[in-house]
Amino acid sequence: MKPIIFLFYRDLRLLDNIALIRAVETGKPIIPVYIHDLSASSYLLEGSVSEWWLFNSLRELDKSLRKLNSKLILRRGNREKVLKNIIKATDAEAVYFSSRYCGFENTEDEVLSKSLDVPYRRFKGYLLSEPEKLRTKSGTAYKVFTPFYKAFLEAQEIAEIVPAPKMLVSPRNWPETEDIESWNSKTRNIDIYDGIGVFWSPGEIGALSRLEIFNDVVDNYNIDRDRPDLDGTSMLSVHLHFGEISPRTCWRRIQKPHQNEGRSAFLRELVWREFSYNLLCQYPDMETQPMQKLFLHFPWSEKTEPLELWKQGMTGYPLVDAGMRQLLKKGWMHNRVRMVTASFLIKHLLTDWRLGADWFRSRLIDADPASNTASWQWVAGCGADASPFFRIFNPITQGKRFDPKGNYIRNWVPELKNLPNKYIHEPWLAPESVLDKSDVFLGVSYPHPIVDHKFARQRALDVLAKIKR
DNA sequence: CCGAACTTTGG
DNA sequence: CAAAGTTCG
């Protein structure tokens, strides 16, 4: 019997994998394949942190497949060439895969479906709703979240998940595979790799247990999610990005036992993910082009030094620096702090949002072309947002509000850890005696603010007013 | 075409 | 409570 090639992309899971279960249901031998095509991964930059995740996740997937009497074939190179090569070597009769969305991936899939001699079959699963499905009453795509959200809730009944396959039939002969360990050693050039494993469990098992951990605290999600000093967020973004868990699994699990504000706040966040993909499909060049054309000629600062200080977490604003250092160490940043740090780079330093988005993409394990880009544009004020003009986050008040005891600061900016709560968010106001006693030497052990908040805020408002004219 | 509404706002 | 333009029904 001719085998089917199952091509894994961003669906590195067995549970609720519709494409996989359809392939298995044919009763034919299955050849699970992952092709690492560097030219194709526009949002997985070489040496990026999410590559660390990808390789670990693939190793986990291989382990799971082996329990089903199968294994994962790993190959590198041009996806089309490698795929043709495997089809020829195995005499496969079809390729099954889970749909990817937008930009490069869609065009690639179109090319593949035409150039392969066998059917190239696409299935849903990455999103809860197909991007082209939800439209406004006038037939256009949504540009504002809330109406989109309401329409989503009315239109969608989230179906039950499909089980993982019990067994995969092996082909008579397996195609060649590569050793994942040799892929790993190639990207060890980022210092963060050394410790990052303690924070995370890549793979489907890690994803499902993460969901259970979150389920224990989700009832307070509507309040705690804003607190970077607590573990109140789901931390599921990276698992969702790689498809180690389906959004449907998350939805059904969190919605199930009872409804409350915490649970619906999380479901709403899942719809934000849908909304971001909707926008990416609407604006395929969203990663480089502002959605609002007004911003095409924004006079961004040419200075590189402030950008570097921001990247290293040396701006002199404790909350900003804590966030940027959390990103460096953990490959992840709390969402509230992502907004504050992004706003600081754009509004206080007048740096092009694309440079910030690039840095996030290269350093975030959960870097996602839709969510990352849509959010940066939202903060910059050029994205899908109805009232962006005067929103300039105050890094000091944000700190006081959302990290009231300064625990988040103390954790990620240890040189400030002895400062009393009163000054932890604005060390430059502390009297000399307090600084001395806390072993803080401004300008030496911790920087002075690289820009004055009040001045920077007014400057940003002035520039924005200017381009509006 | 009109009115209501707009994720996370600042002072 | 201001600020202000666009989107959606």
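Naming convention: chains lettered A, B, ... in sequence-line order (proteins, then strands); numbering from 1 in each chain. Remember, predicted model here, so these are calculated numbers, not experimental data.
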* Verify the contact: side-chain N or O of A:Asn394 to OP1 or OP2 of B:dG11, cut-off strictly under 4.0 Å; return yes or no. => yes
* Structure fact -> A:Gln398 CD to B:dG11 P, in whole Å, measures 11 Å
* Whole-angstrom distance between C:dG5 and B:dG11, as gauged at atom C1' -> 22 Å
* **Nearest-neighbour nucleotide for the A:Val144 side chain, B:dG10, C:dG9, B:dC6 considered** => B:dC6
* Could you tell me whether the side-chain ring of A:Trp272 sits stacked on the base of B:dT7, using a centroid cut-off under 5.5 Å and a plane angle under 30°? => yes
* **Lys/Arg N to Asp/Glu carboxylate O, A:Arg122 vs A:Asp109, below 4.0 Å** => no
* Between P of B:dT8 and CH2 of A:Trp378, the distance in whole Å -> 6 Å
* Any ion pair linking A:Glu287 and A:Arg354 (charged N to carboxylate O, less than 4.0 Å)? -> no
* To do: Please work out if A:Arg268 contacts a base, only the sugar-phosphate, or nothing of the nucleic acid, heavy-atom cut-off 4.0 Å.
  => sugar-phosphate
* Structure fact -> Out of B:dC6, B:dT9, C:dC8, minimum distance to the side chain of A:Thr140 belongs to C:dC8
* To do: Return the value, rounded to whole Å, for the distance between atom OH of A:Tyr221 and atom C1' of B:dT8.
  => 11 Å
* Asked: Between A:Arg361 and A:Asp358, is there a salt bridge with N-O shorter than 4.0 Å?
  -> yes
* **Separation of B:dG11 C1' from A:Phe455 CZ (nearest whole Å)** => 19 Å
* Asked: Hey, does A:Arg401 reach any base, or is it just sugar-phosphate, or nothing, if we go heavy atoms under 4.0 Å?
  -> sugar-phosphate
* With a 4.0 Å cut-off, would you call A:Lys400 and A:Glu426 a salt bridge? -> yes
* Structure fact -> Closest of C:dC8, B:dC6, B:dT8 to the A:Tyr142 side chain is C:dC8
* To do: Select base, sugar-phosphate, or nothing to describe what A:Gln458 touches, counting heavy atoms under 4.0 Å on all strands.
  => nothing
* To do: Choose from C:dG9, B:dT7, B:dG11 the nucleotide whose nearest atom is closest to any side-chain atom of A:Glu269.
  => B:dT7
* **Stepwise side-chain hydrogen bond (donor to acceptor under 3.5 Å, both in side chains) test for A:Arg273 and A:Asn278** => CA-CA 9 Å; A:Arg273 179 174 177 270; A:Asn278 231 274; over 6 Å; no
* Not counting sequence neighbours, list each pair that qualifies as a disulfide bond (SG atoms under 2.5 Å apart) and has a residue in residues 199-301 of chain A. => A:Cys102-A:Cys281
* Asked: What integer distance in Å separates A:Lys143:NZ from B:dA5:C1'?
  -> 17 Å
* To the nearest Å, how far apart are A:Arg336 CZ and B:dT9 C1'? -> 10 Å
* **Ring geometry between A:Trp272 and A:Phe145 (parallel below 30°, tilted from 30 to 60°, perpendicular above 60°)** => parallel
* To do: Establish, with yes or no, whether the OP1 or OP2 oxygen of B:dT8 is under 4.0 angstrom from a side-chain nitrogen or oxygen of A:Arg225.
  => no
* Aromatic A:Trp200 / basic A:Lys330 pairing, under 6.0 angstrom, 45° off normal -> yes
* A:Phe152 CZ to C:dC8 P: how many Å, rounded? -> 17 Å
* **Integer-rounded Å distance: B:dT9 P and A:His453 NE2** => 14 Å
* For DNA chain B, just give me the dot-bracket, please: Watson-Crick or G-U, both distances below 3.5 Å, ( ) intra-strand, [ ] crossing earlier pairs, | paired with another strand, . unpaired. => .|||||..||.
* Taking atom P in both B:dT7 and C:dG9, compute the distance separating them and give it to the nearest angstrom. => 13 Å
